[in-house]
There are 2 protein chains.
Amino acid sequence: MDTKILIVDDETLLVKGLKYSLEQDGYNIDTAYNGNEAIEKTNNQKYNLIILDLMLPGIDGLEVCQKVREKSQVPIIMLTAKGEDINKILGLEYGADDYLTKPFNILELKARIKAILRRANTQSTKIGEQVIQIDNFKINTLGRKVTVDTKEVNLTAKEFDLLLLLASNPGKVYTREQLLEKIWGYEYFGDLRTVDVHIRRLREKIEKDSSQAEYILTKWGVGYYFRKK
Amino acid sequence: MDTKILIVDDETLLVKGLKYSLEQDGYNIDTAYNGNEAIEKTNNQKYNLIILDLMLPGIDGLEVCQKVREKSQVPIIMLTAKGEDINKILGLEYGADDYLTKPFNILELKARIKAILRRANTQSTKIGEQVIQIDNFKINTLGRKVTVDTKEVNLTAKEFDLLLLLASNPGKVYTREQLLEKIWGYEYFGDLRTVDVHIRRLREKIEKDSSQAEYILTKWGVGYYFRKK
DNA sequence: TAAAATTTTAAAGGGTTTTTTAAAAAAGTG
DNA sequence: CACTTTTTTAAAAAACCCTTTAAAATTTTA
């Protein structure tokens, strides 16, 4: 999995060192040497994480942080000097996710990167209704199980996510693009046909007759939807 | 689950910031700006946690702490200035559960809140349910012992915690991230694979055939869960 | 009705995730 | 401090799922 990290700092040497070291760990690193460049890059690119120095020439780190936050919830690690007001940085006003005081230990930075990315990845699984019931269908979101007519059906992760999304909004038609984005993630560049195949497997598992679907229906030329009522 | 937290501090700005930030995390926040107000509120309301500044105008934090303790075992986190006598605060006399020196990192506060609530929650389930029995399984939460088919099995600390968590919610699928967070703690920077290895050892100890697990099951692409029924 | 566009179906290779194993590191104990 | 136990890390092997591809079937358009 490709993880893109933007490093923003005006200390060229530090940036280069960090870049090299993090690339060794398999991260995809982009760099910016001042606030304007950082903001520009974040506008044109999606990152999984931003490492942001507080003291920058021109637009400072806090401002960059704010600007980024206006548009996205990307995790941000702040690099600060000792004695800065940490509460302010991490607090509501700026909303960084973590910070490190310079000079920092690169191992610690790496540990924090790991932890933050891990957290970011799990928060997408929202905790909503625990059981969705539609007719003979029962979707148990905690156990990730589906029961059709008392019979328990085993779905793979993608199949389950797909069904859950569709069934959460009966009647709403999703295009393949939307499904890819919601379930595979916005960074996914795969084929649209992939969705079809998953839909087919789902149908095979939960429909009585998979070629006469009753629940997961096709909107010709548009996409798929779950039967309403 | 609605978790009510009372924040007691005379620094209006800090209180407001904390309130906002913790509300973002889904906590239900109440505030008090001096000792009297705090005592009054705790008399009329039950809280799951109290965050209490040591230095308060009028009745100070320690006194508030004592007064609260007379009536309840609600967890208390103390906010102190550097150099305070920590032992005294945490000791029997006052009985706070944890403390943080100002200025503190809000992430750290959040981590401690989580940890304390977790402790409080597991202690209450202990009282309610000292033995969990599922089929041939008996989990003795007080003695931290597990019996499988009359045979007593020796589990290490982590193994036991893992089993207890999973078995307390049969059927609920936990991701590795969730397990790390719940058992290893919020600030853990280690590897996700650690969970797998512990699961494997657990299986070896409690399953008849560890490669044909009957109790601790894998949800492919998601995580692990304890068999339901 | 034929052609074009879109969806369904089927199958296989490729890739990811999990399991297993082993050894290193850390923590606990006397 | 040395020994034992537990926990973590690492990497190979196995299990499983996903994606791709392409042909068949269906629906729409002309």
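Here is the naming used below: chain letters follow the sequence lines, and residue numbers restart at 1 for every chain. Being a predicted model, the structure only gives us computed values, none of them experimental.
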Just by modelled atom types, is the [Y] backbone N or O under 3.5 Å from a matching donor or acceptor in the [X] side chain?
X	Y	answer
A:Glu207	A:Glu214	yes
A:Asp209	A:Ser211	yes
A:Asn140	A:Val131	no
A:Asp135	A:Phe137	no

* Between A:Thr156 and B:Lys205, which has a closest nucleotide on DNA chain D that is more 5'? -> B:Lys205
* Could you walk me through whether A:Lys102 and A:Glu11 pass salt bridge (charged side-chain N to carboxylate O under 4.0 Å, His left out), step by step? => CA-CA 12 Å; A:Lys102 284 184 177 182; A:Glu11 295 175 50; 2.8 Å; yes
Please state how far atom [atom1] in [X] lies from atom [atom2] in [N], giving the value in whole angstrom units.
X	N	atom1	atom2	value
A:Gln212	C:dT8	CD	C1'	13 Å
B:Leu217	C:dT17	CG	P	20 Å
B:Glu159	D:dT6	CD	P	8 Å
A:Asp196	C:dT9	CG	C1'	11 Å
A:Glu204	C:dT9	CD	P	8 Å
B:Leu162	D:dT6	CG	C1'	14 Å
B:Ile216	C:dT19	CD1	C1'	14 Å
B:Arg200	D:dT6	CZ	C1'	15 Å

* Asked: Between A:Tyr224 and A:Arg176, is any side-chain donor less than 3.5 angstrom from a side-chain acceptor?
  -> yes
* **Any side-chain donor near an acceptor of the partner, A:Ser72 and A:Lys46, under 3.5 Å** => no
* Return no unless some side-chain N or O of B:Thr218 is found under 4.0 Å from OP1 or OP2 of C:dT19. => yes
* To do: State whether A:Tyr224 places a side-chain N or O below 4.0 Å from either non-bridging phosphate oxygen (OP1 or OP2) of C:dT8.
  => yes
* Please report how far the helix from C:dT1-D:dA30 to C:dG30-D:dC1 bends, comparing the axis fitted to its first five pairs with the axis fitted to its last five, to the nearest 10 degrees. => 40°
* So, are A:Asp196 and A:Arg193 salt-bridged, with charged N and O less than 4.0 Å apart? -> yes
* Does the pair A:Lys182/A:Asp161 count as a salt bridge with the N-to-O cut at 4.0 Å? -> no
* To do: Let me have a per-nucleotide readout for nucleotides 19-30 of chain D, 5' to 3', with B, S or -, counting only protein heavy atoms under 4.0 Å.
  => BBB----BBS--
* Structure fact -> Comparing nearest nucleotides in DNA chain C, the 5'-proximal residue of the pair A:Arg176, B:Ser211 is A:Arg176
